[in-house]
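What follows is a single structure, written as structure tokens, with notes after it.
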Amino acid sequence: MGLNAQKRLRSTISYTILLFWSFILLFPMYWVAITSFKNAIDMSIKATYLPFIDFQPGLHAWRYLFVDRLTWFLDPFMNSVIVAFVSSTIALVIGSSAGYALARFDYGGRNNSIVLGFMSQRMFPGALFILAFLVMFRELGLLDTRLSLIIVYSSGAIPFIVWVMRDFFEGLPVEIEESAMIDGANRLGVLFRIAMPLAAPGLVAVFVLSLIGAWNEYLVALTLTFREAITIPLFMTMQVSQTGYTEWWNMSAISLVSVIPVVAAGMALEKYITGGLTFGALKG
Amino acid sequence: MATEPRIYPSKRFRFEIKDNLWKWIFLLPAVAIILILLAVPVVWTLYAAFTDLHLYRIGDFETEFVGLANFQKLMSNRSFWRTARNTVVFMLGVVPAQLIIGLTVALALNNITRGQKLFRTWFLMPLMVSPVVVSFIVGRMLFQEDIGPINDILRNLGFEGVPWLTSPTWAMVALMAIDVWQWSSFMILMLLAALQGVPPDLHEAARVDGANQLQSFWRITVPLIMPITMTALLIRIIDAFKVVEIIMVLTGGGPGQATESVTLAIYRTGVKGGDLAFGSSQAYFLLIVLMIFGGAYLVLTRRAMGKD
């Protein structure tokens, strides 16, 4: 077999593998998408795969969601939006300031230990926290509030942000900051006017990753909220436990509404997100 | 940590005075938040594990120290060992599968040029999807026994439908499938990054020296991607030990207790049942196992790679 034929064979095998795995990843999402256009009858007799061939798609689930019962899911949706954005913003400001400080200042030669201290949080199982949080927020009278989730989620995202951003700031040239300070700028000005804009790609990546983390979180939300402050994942599971019967088409439509924004944001920022996700292990 | 800290002291003294203030203003909020929300729960849970603290009795009764009673109860609690066994089985099922899929797909991805970015972007998708959506909506629909598409396809291929959620074994398989679906992408992206760090000249040189592709893979690629692979495996193993959300919403730990994980047991004991003391001792058991395992893993892999 010549070298060229060998190369062609290898690339054919590669594309086959990639297309196969892409299909495995696509199929569940495809199923959710078509289910949101199905009627009850399309799901009661046999599995139906193709719209217009196997079943007549209809918009009733979407009408139900956006017209008939908008307020029903708007509350948890807004809870998710507020909790995710506020906690990620707080975590970004606090975490990246600390990351900057650890990149630029000397803390008695212990900078690396401080960063490791932040990261030790990753080892701890979430189960270790939920019991303490439950008692803590109960004593504070903060159960079932968005504030409780905002506090927990921002503290959960900070270590990761400190870690990634410290590395990012270390990679930026220090000369620009020095000349700005000679021109009379103080550190705060340097951080917000010079360092942060230069670190924008890193900031976007960690912000979106903590946004996704908060948006998808379930265990803490389940422990701390139950009615007023529930987020979308909790809302979805509550629909079934209450009725015992599942309106799959409505659930599928809600799933898509909750999944599409974060998946789109993540995929649009692919380069930065992959960098942020793999960062930890690559450095190790 | 591989890199030494790069410290850039300001050249001018008057900046240093001001910087001495800023350096604490920038760092302390993060430290304070982590201390309060990390250290306090960790210490409090340790305290609770040695008491008879109960959620519905806080304030009504004096909390008493009970010594090691909770841990003794834990050791003889068969239901807890069942969940520990389930968790290990789950981990042993998903992590090797993710490694094999991750390596296969990453090698394929590293082998092509056209469309690489497109595939990479698409493979990111499952990592962005909420575990609740994946297991609750997708899993429950796909694994439906009567009219779910997986059983439907199996029947069309001439097999029998599988009792996915009512058989203890198959329920575990379904959960593993969901985790593999969601987290293989992590292995793919990590291993791809590792493969791209292998200099192509090395393979070229090996080829010139008469090595075949298999030799070149085992002798050059594998040793070079080993460090990242080991770290990625450790992250996946730890995460697999903490599994809870997909179980909560797909099977609820059932049928019976067949798929209940340690974390689900902690939630049930401590949050649902209100037995904070016993739940805390379970949580500490999990933490200690993770720390011993993680520490041993790091020491062993470092030693193994150092010897090579």
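Values below: all heavy atoms of this structure, side chains included; hydrogens, waters and symmetry mates excluded. The shown structure was predicted, so the numbers you read here are calculated from the model rather than taken from an experiment.
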Nearest 0.5 Å, what's the CD1-CZ distance between Ile266(B) and Phe129(A)?
-> 12.0 Å
Minimal non-hydrogen separation, Phe105(A) against Phe26(B), with atom names = CE1-CD1, 3.9 Å
Name the option with the most non-hydrogen atom pairs under 4.5 Å to chain B; the candidates are Leu188(A), Val162(A), Leu134(A), Ile24(A).
-> Leu188(A)
Residue selection (most heavy-atom pairs with chain B, distance under 4.5 Å) from Leu219(A), Val32(A), Ile212(A) | Leu219(A)
Which region of Pro126(B), side chain (C-beta onward) or backbone (N, CA, C, O), has a non-hydrogen atom less than 4.5 Å from a non-hydrogen atom of chain A, or is it both or neither?
-> side chain
Answer key: most heavy-atom pairs under 4.5 Å with chain B among Gly95(A), Gly126(A), Ser154(A), Ala101(A) is Ala101(A)
To the nearest 0.5 Å, atom CG of Leu189(B) lies from atom CD1 of Ile273(A) at 11.5 Å
Check whether any side-chain heavy atom of Glu245(B) lies under 4.5 Å from a side-chain heavy atom of Asn216(A), and answer yes or no.
-> no
Any Pro28(A) side-chain heavy atom under 4.5 Å of Val134(B) side chain = no
Under the side chain to side chain contact (heavy atoms under 4.5 Å, CB included) rule, what do Trp122(B) and Leu26(A) come out as? Steps first, then yes or no, please.
-> CA-CA 9 Å; Trp122(B) 176 239; Leu26(A) 177 68; 3.7 Å; yes
Just by modelled atom types, is the Glu270(A) backbone N or O under 3.5 Å from a matching donor or acceptor in the Thr121(B) side chain?
-> no
Could you check Trp44(B) against Phe133(A) for side chain to side chain contact (heavy atoms under 4.5 Å, CB included), going step by step and ending with a plain yes or no?
-> CA-CA 10 Å; Trp44(B) 182 88; Phe133(A) 284 155; over 6 Å; no
Measure distances from Gln282(B) to the heavy atoms of chain A and classify the residue's part below 4.5 Å as side chain, backbone, both or neither.
-> neither
How far does CD1 of Ile158(A) sit from CD1 of Ile34(B), to the nearest 0.5 angstrom?
-> 5.0 Å
Side chains of Pro233(A) and Val249(B): closer than 4.5 Å at any heavy-atom pair?
-> no
With a 4.5 Å cut-off on heavy-atom pairs, point out which of Leu18(A), Ile17(A), Val263(A) contacts chain B the most.
-> Leu18(A)
Against chain B, work out which of Gly266(A), Ser96(A), Ser22(A) has the most heavy-atom pairs shorter than 4.5 Å and name it.
-> Ser22(A)
In terms of heavy-atom pairs under 4.5 Å with chain A, which of Asn151(B), Asp146(B), Asp152(B) leads?
-> Asp152(B)
Specify whether Tyr107(A) and Trp24(B) have parallel, tilted or perpendicular ring planes, treating 30° as the upper limit for parallel and 60° as the lower limit for perpendicular.
-> perpendicular
For a quick test of your reading: what N or O donor-acceptor pairs under 3.5 Å do the side chains of residues 251-261 of chain A make, sequence neighbours left out?
unit_1: Ser252(A); atom_1: OG; unit_2: Trp248(A); atom_2: O; d: 2.8
unit_1: Ser255(A); atom_1: OG; unit_2: Met251(A); atom_2: O; d: 2.8
unit_1: Ser258(A); atom_1: OG; unit_2: Ser255(A); atom_2: O; d: 3.0

Carefully, step by step, assess Trp21(A) and Phe123(B) under the rule side chain to side chain contact (heavy atoms under 4.5 Å, CB included).
-> CA-CA 9 Å; Trp21(A) 187 248; Phe123(B) 293 162; 3.7 Å; yes
Please walk me through it: do Leu37(B) and Met136(A) pass side chain to side chain contact (heavy atoms under 4.5 Å, CB included)?
-> CA-CA 10 Å; Leu37(B) 287 141; Met136(A) 215 159 133; 4.0 Å; yes
